[in-house]
Amino acid sequence: MAPRKGSLEAAFARKEKGDTLTTPPSKQSQVATNGADGTPEAPAKRRRLEKGVAQTTPTKPEKVLEKVPEVTLHSGETGPWSLWHGGSAGKDAKELQCPAFDPKLREAEFPVGKPVSFSLLSGALLEIEELKGSGKGSRKTMTVILSNLFRLLMHVQPQDIIAAVYILINKVAPDYEAAELGVGDSIIIKALCENFGRSEATIKHSLASGEAKDLGEVALQSRMSQKMLMMPPKLTIAKVFSEMKAIAHSAGKESQKAKKEKIQKLLVASRGEEAKFIVRMLQAKLRIGIQIPTLLQALAYAFTLTKPGQPSGPAAVTDRRKGQAKLSAAELEPQMIVMEAAVRQAFSELPNFDKLIGALMEGRDGSSLLEVCRISVGVPVKPMLAKPSKGIAEVGERLAGKRFTGEWKYDGERAQIHVLSRDVIQIYSRNSENMTEKYPDVIEVVKQSLAEDVHSCIIDSELVAFDQVNKKILPFQVLTTRGRKNITVEDIKVNVCLFAFDCMLINGQPLVKEPLEVRRDKLWKILWPSEGKVTFAVYRNFSDINEEEIQAFLDESIAGSCEGLMLKTLTENATYEPSKRSLNWLKLKKDYLEGMADSIDVVPIGAYYGKGKRSGAYGAYLLAIYDQENEEFQTVCKAGTGFSDEDLVTHYGFFKTHQRPCAETNYNVNDKLKPDVWLEPCQVWEIRAADLSISPVHTSAFGVKADGKGIGLRFPRFLRIRDDKTPEESTGAEQIVEMFEAQASVSGTAAADDDF
DNA sequence: GTTGTCTGCCC
DNA sequence: ATTCTGC
DNA sequence: GCAGAATGGGCAGACAAC
C-alpha cells in the first residue's frame, strides 16, 4: 500500500464552517470564510449600493485599438517572417508548402468563382499529416500550408474559407449553437461494413494488427480496394460541408439510418485520400497536428499576405510581397504579429468563425478587427483555464514577488452567466455550450441577486450541487444527475449553489483588460449573496509566498468539500485574456501532491488496443483490486494516461507474453468493459486518482455502498510498477471503501450510504 | 412500454 | 479531466 | 511553455431494438 495516510487524516479533519459574514474585498485582506453562510434575508431588501456600479465603472473609454506591441524584426529566426521567406529556394511557388506561394499561379486549376474541389483540402491535410513529427520547422511548414490554402480560397472562392475552417475543426457551427454531428465510431463502423462489405471483425482485426491506425485508414483501405464502375461527381469543399450540416441536423425516427447513408454517399464519392479525412472529420479527430490555435495563426498570416477584394473598394491583392505596392519584410512582419494577436483575441472574445472570417473578409486588420469582434452579452467568451501545479514549491516559484490570491476550487460545473438584460439571462458551460435550459433556478436567483443598477454583465462562476437543508456542498456526482432539457423550477431535484469568482463585463463595459483585483471588486458590488443560492468563492489574498499558509488554506478548502485551490495573480499579468495565455491560472489539488493523494495498487487484468499514435501497443488497461473475502479481482478503473512512450512499449512487450484467451474465473468484470485482450494477473501498478465514485460498471466493493454498484476511480493515472508486491497484495476492497468514506464531500452527508 | 446502445458533454 | 512529447 | 493528441468515470438524452 502506498502512502496515503496523510490524505485520509486531512479528509477526516472536517472543519465546521463558521458563520462569518463576508466583507467587500476592498475592506479585507485575508478572508477565508464567506458565502454559503450569508444572511437569510431576501436579497432585494438589502440591496443598497453605497457606491453604485455606474460610478465605479471605468470612466476612461475602453480602448478599442490595440496598442501595437513593440516589435523587433526577427527576420529569419523566430518571428513569423521566418515562415515566409526561408525555404523557398528550389520550391515551386505553385505549391502550398512554398512560402513564396502565389494564389494567382493556380488560377488555371482553380478558376475564380468556381466551386473548389475537396481534393484541394484533402491534399493539404495529407501534406500536413506527412510533415507531422518530421523535425525542425515542420510545424512552421504546416502553418504555411494552411495559410496558403486560405489565401488560395480567398482568391478563388472566399465563401469556402468558412466551410474549410469548419471542416478543419470538425464542426458545423459555433459551440454555442447546439449542432452536433451525432456520429460516433459505432455508426461509422456500420457504414463501412455495409458500404464495403466488410465485417466488424475484420475491421477490428485491421486496427488490432496495426494495418490501419484508425477508422480513417480503415475507410481509405476499403475504398481503395473497391472497384467502381460509375463514379459520382467529385466532392467539393462546399458539398462536404453541406453534407456535414445535413448529418448534424438529421434527427428523429430513422435518423441513424439517414446519417449512415449520408456517410456512405460521401465515402463512395471520395477519391484519393479523401475517405480517410472524411471519416476522421466525422470522428472529430483529424489528428494531423492542427487545432484552433494553429488555425487562427494561419488565418492571421493569410489575411496579412493576401488582401481580399472589396465590393466597392480596392481589388484583391494576392501577394502583398509583390507588385508595385509591395511591402518589405520589415513592414509585413509587424503586421503579422499584430494580426495574429488580434485574431486570437477576437476569437477569444467572439468564438465564432463565421463572424471572424466575415470581419477579415471586410478587410479588417490588426488595428480594426477588435472593433467588431468584441466581448458581448449573449455570446460566451473563452474561459480562463488553469494549469495543474505539482506542489506548493512550484506555486511559489511562479508567483514569487507578485501579489496573488488563492480561491477554493469548487467541484461543480463551470458557468458563465450572461445577463443580457434584467429579464434575459443565459448560462454557458466551460466549452461554450448553452446551459440556459438546464438551470432555470439559477437564472431566477441571479435575477433577484443583481444590484439595482446592473442591466448587463458576464459573470464567471462554478455551480455546485448543494443540500439546502443541511447547507452542505454535495459531490460532483450528484450534480451530474440533474436533468438538462425542459427543466422547470418546480421539479428540480438537485439544487445548486452558485459560487461566483470573476466578472468580464458590466453594463456594456468589458473588464477583460482590468486586473483581477479590480474585476473582483466590481463583482462583489453587482451581486448580492443569498444563503445556499448565490455566493462568492472563498478566497485569501497573499502578498508573499508563505508555504505553510498556502498549505493550511488548501487543507481548509478540502475540509470544505472543495477540490483544492485556484491561484491567480491580482495585479501583475492578471487580465482575463485567455488568448494571451489560456492556462494563466494555477490549480493546486491534493492529488497532485505527493503523499496527500489516494494512491492505489492495482493489477492489470485486461488491455485495449491503442489508436492513432498509440497503435501498435495497448492504449489503455483494465485495472482491478483483489478482494480477499470473495477471492476475486474486481475492477476499479481503466488507465490510459500517465504512461511515457517508453512505458507503453515496455508494458506491451511484457503483457504480450502474459495474455489469456479468456477472463480468469476469479475476474469480476462487467460486460461493458470487456477488453480486447485478457491478461494474466502477474503485475502490480501504483496508480493515482482524485476521488472515488459509485460506479455502475466497476465491481470493487460491489454492493457495499450502493445496491448493485461498485466503486470506481475518478481521473486515474499510471504512476509506476510495484515490483515488490504480488497481485494478491494489491489494495483491498475494504480499503477502497475506507477511502470512499473518507472523502470530505461524502463523509457527514446523507449521501454517505446507499443514496446512490 | 421497457431495455440497451450510442453520443456528447460534464468533470 | 491528466499526462506526455515535439518544437 | 505551448499545442496537440493520447487516454479516464459517469451522467442524461436520443434512438433503436425488443
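Computed from a predicted model, the values in this text were never measured in an experiment. Letters go in sequence order (proteins before strands), and every chain restarts at 1. Just so it is clear, the values below take in all heavy atoms, side chains as well, and ignore hydrogens, waters and symmetry mates.
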[X] [atom1] to [N] [atom2]: how many Å, rounded?
| X | N | atom1 | atom2 | answer |
| --- | --- | --- | --- | --- |
| Leu719(A) | dC4(C) | CG | P | 9 Å |
| Phe476(A) | dG10(D) | CZ | C1' | 8 Å |
| Leu215(A) | dC6(B) | CG | P | 13 Å |

Nearest to the side chain of [X] - [options]?
| X | options | value |
| --- | --- | --- |
| Arg484(A) | dC11(B), dC15(D), dC11(D) | dC11(D) |
| His698(A) | dA1(C), dG10(D), dC2(D) | dG10(D) |
| Pro716(A) | dC15(D), dG9(D), dA6(D) | dG9(D) |
| Arg614(A) | dT2(C), dG9(D), dT7(D) | dT7(D) |
| Ala620(A) | dT2(C), dG8(D), dG10(D) | dG8(D) |
| Arg430(A) | dC11(B), dT5(C), dT3(C) | dC11(B) |
| Leu181(A) | dA16(D), dG8(B), dT7(D) | dG8(B) |
| Lys672(A) | dT5(B), dC7(C), dT2(C) | dT5(B) |
| Ser695(A) | dG8(B), dG10(D), dA14(D) | dG10(D) |
| Cys637(A) | dA16(D), dC11(D), dG9(D) | dG9(D) |

When you measure from the side-chain N and O atoms of [X] to the phosphate of [N], is any distance below 4.0 Å, counting only OP1 and OP2?
| X | N | result |
| --- | --- | --- |
| Lys259(A) | dT7(B) | no |
| Arg287(A) | dA3(D) | no |
| Gln477(A) | dC11(D) | yes |
| Ser693(A) | dG10(D) | yes |
| Lys613(A) | dA5(D) | no |
| Arg482(A) | dC10(B) | no |

Quick one: do Glu437(A) and Lys485(A) make a salt bridge, cutoff under 4.0 Å?
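Between Lys485(A) and Glu437(A) there is no salt bridge, as every charged N stays at least 4.0 Å from the carboxylate O atoms.
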
Check this for me: does any side-chain nitrogen of one of Lys276(A) and Asp214(A) sit under 4.0 Å from a carboxylate oxygen of the other?
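Salt bridge absent between Lys276(A) and Asp214(A).
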
Side chain of Thr641(A), base of dT7(D): donor and acceptor closer than 3.5 Å?
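Answer is no: no donor-acceptor pair is held.
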
Would you mind telling me which residue lines up with the more 5' stretch of DNA chain C, Leu131(A) or Pro388(A), judged by nearest nucleotide?
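Nearest nucleotide further toward 5': that of Pro388(A).
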
Position toward the 5' end of DNA chain C (nearest nucleotide), Lys409(A) or Asp647(A):
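It is Lys409(A), whose closest nucleotide lies nearer the 5' terminus.
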
Tell me whether the count of non-hydrogen atoms from other residues, nucleotides or ligands lying under 6.0 Å of NZ in Lys257(A) goes above 12.
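Counting other residues, nucleotides and ligands, NZ of Lys257(A) stays at 12 neighbours or fewer.
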
Which of these passes side chain to side chain contact (heavy atoms under 4.5 Å, CB included) with Asp691(A): Asp591(A), Asp411(A), Asp598(A)?
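It is Asp411(A), the one option of Asp591(A), Asp411(A), Asp598(A) that forms the side chain to side chain contact (heavy atoms under 4.5 Å, CB included) with Asp691(A).
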
For Gly412(A), is there any backbone N or O sitting under 3.5 Å from a side-chain donor or acceptor partner on Glu462(A)?
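Yes, because the side chain of Glu462(A) sits within donor-acceptor range (under 3.5 Å) of the backbone of Gly412(A).
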
Between the side chain of Arg688(A) and the main-chain N/O of Ser599(A), is any donor-acceptor distance below 3.5 Å?
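Checking the backbone N and O of Ser599(A) against the side chain of Arg688(A), no donor-acceptor pair under 3.5 Å is found.
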
For Ser250(A) and for Thr481(A), locate the closest nucleotide of DNA chain D by heavy-atom distance; then report the residue assigned to the nucleotide nearer the 5' terminus.
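The 5'-side residue here is Thr481(A).
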
